[in-house]
Amino acid sequence: MLKITDLRAEIDGKEILKGLSLTVNAGEVHAIMGPNGAGKSTLGYTLGGRPGYEPTGGSVEFDGQELLELAPHERAAAGLFLGFQYPVEIPGISNLQFVREALNSQRRARGEAPLSGGEFLKLARAQAEALGMDVEMLKRPVNVGFSGGEKKRNEMVQMGIIGPKLAILDETDSGLDIDALKAVGEGINRIMRAPDKAVLLITHYQRLLDYVQPDFVHVLADGRIVRSGGPELALELEREGYGAVAA
């Protein structure tokens, strides 16, 4: 589904990704772990097409397409979802308006008919209830006045509504208490654990991986993947720290 080959990227002229290669197959969950400044968020933003994150070499094939040649909205329509460490607030636009327009824009780009208002509301309610989120919160402006945990639940509701092929989740566990972490982890499993989907989890800690068990764990250091293994590698990182494991 996703094949990254020798990816290089820079921010403000400074090279951050220095030849990163990774293959993610459909049905797999991959965790990317590493110290601050290793390039984890840069990887997510580069794949998502965020302005300012400039790929300077390598290739990224996503579902048979060269991802780096696509505009951000085209990447989304192709099935890529990027979850943020700090979801942004959008005053003046309700969650329902925002996600309905996002979903139907993607459907139109794929040649699919937009969902009617009734069809969309039924889908949105089902996803909110599955995440334990009050449906009334969908009527509020996007993330405005939401706690950290509510923002992450809201992001999972958005992901459930849109139904991507590949979810790149950047430190989704950041700022979550125990109950919210469990709810978000269960949401990821429910939405994305399928033979035709895949997940790239970017995280510092083992705790999210207690709920979303990865098939593979990779250590990212100085812009490259320096070690890969199974779920046991995350436990080793927790015990030994990045310095010992990545050396």
Side-chain angles (χ1 to χ4, degrees), residues 1-11 15-35 38-85 106 109-111 159 162-172 188-189 191-204 208-209 212-234 237 245-246:
M1 178 177 286
L2 180 72
K3 185 177 182 180
I4 305 171
T5 305
D6 196 30
L7 180 62
R8 297 174 180 273
E10 62 181 34
I11 304 172
E15 188 175 48
I16 305 298
L17 300 182
K18 304 176 181 179
L20 186 149
S21 296
L22 175 68
T23 298
V24 178
N25 296 311
E28 295 177 348
V29 173
H30 289 242
I32 302 287
M33 304 181 73
K40 300 187 302 300
S41 292
T42 297
L43 173 61
Y45 293 151
T46 301
L47 295 176
R50 182 170 178 172
Y53 291 76
E54 186 66 29
T56 56
S59 65
V60 180
E61 183 181 311
F62 173 53
D63 208 23
Q65 301 182 76
E66 176 50 54
L67 187 73
L68 300 181
E69 295 178 355
L70 302 178
H73 70 277
E74 293 173 324
R75 301 181 195 195
L80 188 148
F81 179 92
L82 177 61
F84 295 97
Q85 181 179 358
Q106 292 184 22
R110 296 192 294 263
M159 185 171 75
I162 290 171
K165 295 177 183 177
L166 173 67
I168 302 170
L169 304 177
D170 185 14
E171 298 195 34
T172 295
I188 295 169
N189 288 328
I191 298 164
M192 298 302 301
R193 274 290 193 184
D196 59 344
K197 297 178 181 289
V199 180
L200 194 59
L201 280 177
I202 298 170
T203 183
H204 279 299
L208 179 60
L209 306 185
V212 185
Q213 187 173 62
D215 299 290
F216 301 95
V217 175
H218 310 279
V219 181
L220 180 57
D222 194 29
R224 299 182 182 89
I225 291 177
V226 297
R227 188 171 169 188
S228 298
E232 69 282 352
L233 179 54
L237 290 167
V245 174

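For R8, the side-chain contact (heavy atoms from CB on, under 4.5 Å) test picks out D6, E15, K18, T56, with sequence neighbours left out.
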Apply side chain to side chain contact (heavy atoms under 4.5 Å, CB included) to the pair V29 and Q213, showing each step before the final yes or no.
-> CA-CA 8 Å; V29 173; Q213 187 173 62; over 6 Å; no
Can you check side chain to side chain contact (heavy atoms under 4.5 Å, CB included) on L43 and L17, steps first, answer last?
-> CA-CA 7 Å; L43 173 61; L17 300 182; 4.3 Å; yes
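Rounding to the nearest 0.5 angstrom, the gap separating the CD1 atom in I162 from the CG atom in L80 is 11.0 Å. Atom CG of L20 and atom CD1 of I225 lie 4.5 Å apart (nearest 0.5 Å). Here the straight-line distance linking atom CE of M33 with atom NE2 of H204 works out to 9.5 Å at 0.5 Å rounding. Rounding to the nearest 0.5 Å places CG of N25 at 10.5 Å from NZ of K3. Interatomic distance, I202 CD1 to L208 CG, rounded to the nearest 0.5 Å: 12.0 Å. To the nearest 0.5 angstrom, H30 atom NE2 is 10.5 Å from L201 atom CG.
When each of L47, L166, I168, L200 is tested with L82 by the rule side chain to side chain contact (heavy atoms under 4.5 Å, CB included), just one qualifies, namely I168.
Listed here is the closest heavy atom pair of Q106 and A77: CG-CA, 4.0 Å. Closest approach of A38 and L220 over heavy atoms only: CB-O, 3.1 Å. In terms of heavy-atom proximity, K197 sits nearest to I191 at CD-O, 3.4 Å. Annotation for D215 and E28: closest pair OD2-CA, 3.3 Å, computed over non-hydrogen atoms. The shortest heavy-atom contact between A26 and P195 is CB-O, 3.3 Å. Of all heavy-atom pairs between V199 and M192, the closest is CG2-CB, 3.4 Å.
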In a table with atom names and distances, give each donor-acceptor pair under 3.5 Å that connects a side chain of residues 57-66 to protein atoms at least two apart or in another chain.
from : atom 1 : to   : atom 2 : distance (Å)
D63  : OD2    : K165 : NZ     : 2.5
E66  : OE2    : V60  : N      : 3.1
E66  : OE2    : L68  : N      : 3.3

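Between the side chain of K40 and the backbone N or O of I32, no donor-acceptor pair lies under 3.5 Å. Side-chain N or O atoms of R224 include none that pairs as donor or acceptor with a backbone N or O of G19 at under 3.5 Å.
Side-chain contact check for V24 versus M1: every heavy-atom pair is 4.5 Å or farther apart. Using a 4.5 Å heavy-atom cutoff, the side chains of V219 and L237 are in contact.
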